[in-house]
There are 2 protein chains.
Amino acid sequence: MPITIYDVAREAGVSMATVSRVVNGNPNVKPATRKKVLETIERLGYRPNAVARGLASKKTTTVGIVIPDISNTFFAEVVRGIEDIASMYHYNIILSNSDNNVEKELSLINTLLEKQVDGLLFMGGEVTEEHLHIFKTASVPIVLAATKDPTHQFPYVDIDHFKAAKDAVEDFILSGHKKIGLISGPLTDPLMGFDRYKGYKKALEDAGVALNEEYIRIGDYRYESGLKGMNYFLSLEDKPTAVFVVNDEMAVGAIHAIQDAGLNVPNDIEIRGFDNIPISSMVRPLLSTVSQPQYGIGAVAMRFLTKHMNQESITEKTVILQHQLVDRDSTKRRDNR
Amino acid sequence: MPITIYDVAREAGVSMATVSRVVNGNPNVKPATRKKVLETIERLGYRPNAVARGLASKKTTTVGIVIPDISNTFFAEVVRGIEDIASMYHYNIILSNSDNNVEKELSLINTLLEKQVDGLLFMGGEVTEEHLHIFKTASVPIVLAATKDPTHQFPYVDIDHFKAAKDAVEDFILSGHKKIGLISGPLTDPLMGFDRYKGYKKALEDAGVALNEEYIRIGDYRYESGLKGMNYFLSLEDKPTAVFVVNDEMAVGAIHAIQDAGLNVPNDIEIRGFDNIPISSMVRPLLSTVSQPQYGIGAVAMRFLTKHMNQESITEKTVILQHQLVDRDSTKRRDNR
DNA sequence: CTGTTAGCGCGTTCAC
DNA sequence: GTGAACGCGCTAACAG
């Protein structure tokens, strides 16, 4: 039999309204009675029921998170950013994995909305018509993180994947490379796949370098597919001299493929990854990459969501965070920069 | 103005009790009226309010998770196991990071309990008197994962860290090593620190090998401290010929320290890590380690919790999962095994 | 400064 | 099979 606000009120000889006031820090309570109430709360071990509070106040101080996979280092870091800011604003997070499965995503969003979360943070590969539809049925704010709404109807925070990829490839071009490989993600993946692919293409185009289909391999973001993609390049007569790999895990695979073939990184082939996950500074040679502020994406997205939830004035509809070329040892030093 | 069960009842021309029945799958409803209700639910876009339901039914179908740090690969994998099983049983999880800070842990547990979670999964370095105290004030089941209750009052699921470490060191001994180093975690850390340290000590003792303090370094589980610990060993006149490192991240650091010094793993020094996180199969040489079923720990702990929540009959108070020596390339092949 | 009184949206007896 | 009515524990006016 859990003890309720009534029990406290009775024991303290006040009304439940007063107890409610001290629990919620309402200043309109005489210090003496506040003290009395606090003491009996302590004595009885009263623990306010947040569910009842939620029903009455229509606020749960809980936000929902839909994410592809928490065991993916990248997302784990984003979630850490989210949770830190959430806890700073006294929100809890309900976390759910979607495996990038649209059915699952929609169902999870629905469940979260039923649980009356005060806001929702969505991360997923693609935002479809169905997503937009269910987003619109929500009566709470929704922010997309590391995800883009092509229709610009919902706020999102992300980096500019196109430009980031373009920067990476232009760096290779600037240091004289013409034979530049790409180990990409599935082109059906809008951001990490297609946008980065487009960036690669544009950089070559701008430099007047013809696109060579032999220099493009599609992977699945896993280590093995990086190995495999690079082994293909190594089998070519005319191998690329530099390879841009669209995520770090595959990039590490690519490095190992080169080393296993008895070649040297960066002397024989330069490699640049993408993301800057912890592993990139735990391999030899240290991986040069394009850093993406994972923690920051989560933190900013959550902060953005609190603004929407508190109806603070929002200036921008979308936040684009900055990426950065991180030069370590899998690319040669560029003295001309 | 969100639409409620009343709206549906009115529109469908039935009572709210009937709507409640169809929503909850109660069989005592004539198929015809069930159909009618279902249709108007669909038409109105009715979404049951889980908070109200929670208040009335005293169940939230939500469990609380307290974890040191979700951005740590090990815990991320455990949480993935938890969430998969949770979603299988239609539970959602509220996730919170404690950074192994006791104050924070206690406060988080309290918040979770206020939110009326149906159960709690706790992961932390140590279980103190204070933890036990607050656990006892909870009216819902609590299970510890990857954590041990020394007083055996609360159920937990974990591996046998002592035996695992002992096995690892005995393997070195069996293959002829006498000079065996240890890069440990803080000895104040009960499981990963102290138990593994004891296992190391016991293995030496059983083999009649004297303990050499010079061969023991304390790290903090991070890559850099693995580097540092190994650099110390390398500075010794009489270097260890094999080193047991109590987690993979430090083990990778140790390998790199050896390689940076121009020596070879495993020919000059053998290395074995602990945990078997993904990175251990993404480095060269591939890291030999002691595998710990991270996903399984999470999954089993969550399943265990559902049993407690559903008052199913529990046979065992505690679950010890099996560890395993995984031999890859940072240890020499043992042909005599 | 404090108490009274309505609900919040739904599950659940208990009659019918 | 179905409906009426109560209560879950708390917040939020509104009085006083």
Side-chain angles (χ1 to χ4, degrees), chain A residues 1-38 40-41 44-62 90 110-111 113-118 139-140, chain B residues 1-38 40-41 44-62 90 110-111 113-118 139-140:
Chain A
M1 201 81 303
I3 91 128
T4 77
I5 199 171
Y6 276 105
D7 303 320
V8 177
R10 185 173 11 81
E11 286 290 314
V14 298
S15 77
M16 56 173 293
T18 300
V19 178
S20 175
R21 288 193 185 93
V22 342
V23 168
N24 294 298
N26 185 316
N28 292 347
V29 182
K30 205 197 309 177
T33 81
R34 173 188 305 281
K35 181 153 171 291
K36 189 172 55 179
V37 171
L38 250 16
T40 86
I41 284 181
L44 268 37
Y46 167 64
R47 183 142 47 201
N49 181 324
V51 172
R53 180 183 297 188
L55 184 59
S57 69
K58 301 185 161 302
K59 293 207 177 322
T60 55
T61 62
T62 301
H90 304 288
N110 206 46
T111 304
L113 259 16
E114 286 184 0
K115 296 223 167 171
Q116 310 301 117
V117 292
D118 293 339
S139 50
V140 296
Chain B
M1 199 80 308
I3 92 127
T4 77
I5 200 171
Y6 277 105
D7 303 321
V8 176
R10 187 173 11 82
E11 286 289 316
V14 297
S15 78
M16 57 165 292
T18 300
V19 177
S20 174
R21 290 193 183 93
V22 343
V23 168
N24 293 298
N26 185 316
N28 290 348
V29 182
K30 205 195 310 176
T33 82
R34 172 187 305 281
K35 182 156 173 290
K36 189 172 55 181
V37 170
L38 250 17
T40 87
I41 284 181
L44 300 187
Y46 168 63
R47 186 144 42 202
N49 180 326
V51 171
R53 181 183 298 189
L55 185 59
S57 69
K58 301 185 162 300
K59 294 207 176 323
T60 56
T61 61
T62 301
H90 303 287
N110 206 44
T111 304
L113 259 17
E114 286 185 359
K115 296 224 168 172
Q116 310 300 118
V117 292
D118 294 338
S139 51
V140 296

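Convention: sequence-line order gives letters A, B, ...; per-chain numbering from 1.
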Using a heavy-atom cut-off of 4.0 Å across all strands, would you classify B:V23 as base, sugar-phosphate, or nothing?
nothing

Report yes if a side-chain nitrogen or oxygen of B:K59 is closer than 4.0 Å to either non-bridging phosphate oxygen (OP1 or OP2) of C:dG11; otherwise report no.
no

Picking from D:dA4, C:dG7, C:dG9, which would you name as closest to the side chain of A:A56?
C:dG7

Tell me if the side-chain of B:R21 makes a donor-acceptor pair with the base of C:dG11, cut-off 3.5 Å, by modelled atom types.
no

Would you please confirm or rule out a distance under 4.0 Å between OP1 or OP2 of C:dG9 and any side-chain N or O of A:K58?
yes

Do any side-chain nitrogens or oxygens of B:N49 fall under 4.0 Å of OP1 or OP2 in C:dC8?
no

Strictly below 4.0 Å: does B:Y6 bring a side-chain N or O up to OP1 or OP2 of C:dG7?
no

For A:S15 and C:dG3, is the shortest distance between a side-chain N/O and OP1 or OP2 below 4.0 Å?
yes

Measure CD/A:Q116 against C1'/C:dG9 and give the value in whole Å, please.
9 Å

Side-chain N,O (A:R53) to OP1/OP2 (D:dT11) below 4.0 Å
yes

Check: B:T18 and B:R21 side chains under 4.5 Å, non-hydrogen atoms
yes

OP1 or OP2 of C:dG11 under 4.0 Å from side-chain N/O of B:S20
yes

Measure the shortest side-chain to side-chain distance between B:V23 and B:R53 over non-hydrogen atoms and say whether it is less than 4.5 angstrom.
yes

Separation of atom CG in A:N24 from atom C1' in D:dC10, rounded to whole Å
9 Å

Whole-Å distance, A:I5 CD1 to C:dG3 C1', equals 13 Å

Any A:T18 side-chain nitrogen or oxygen under 4.0 Å from OP1 or OP2 of C:dT2
no

Taken to the nearest whole Å, CG/B:L44 to C1'/C:dG9 is 16 Å

Any idea which of D:dG9, D:dA12, D:dG3 is nearest the A:P2 side chain?
D:dG9

5′-ward residue of the pair B:V29/B:S57 relative to DNA chain D:
B:V29

Rounded to the nearest Å, what distance is computed from the CG atom of residue B:N26 to the P atom of nucleotide C:dT12?
9 Å

Please determine if a side-chain N or O atom of A:N28 lies less than 4.0 Å away from the OP1 or OP2 oxygen of C:dT2.
no

Could you check whether any side-chain N or O of B:N26 sits under 3.5 Å from a backbone N or O of B:N28, counting only pairs where one atom can act as donor and the other as acceptor?
yes

Verdict with reasoning, B:I41 to B:V37, per side chain to side chain contact (heavy atoms under 4.5 Å, CB included)
CA-CA 6 Å; B:I41 284 181; B:V37 170; 3.9 Å; yes

Is the side chain of B:K115 donor-acceptor paired with the backbone N or O of B:T60 at a distance under 3.5 Å, no angle test?
no

So which nucleotide from C:dG11, D:dC8, C:dG7 ends up closest to the side chain of B:L55?
D:dC8

Are the side chains of A:H90 and A:T61 in contact, using a 4.5 Å heavy-atom criterion?
no

Spell out yes or no: do the side chain of B:R34 and the base of D:dG1 have one donor N/O and one acceptor N/O closer than 3.5 Å?
no

By nearest-nucleotide position on DNA chain D, the 5'-leaning member of A:A17 and B:T33 is B:T33

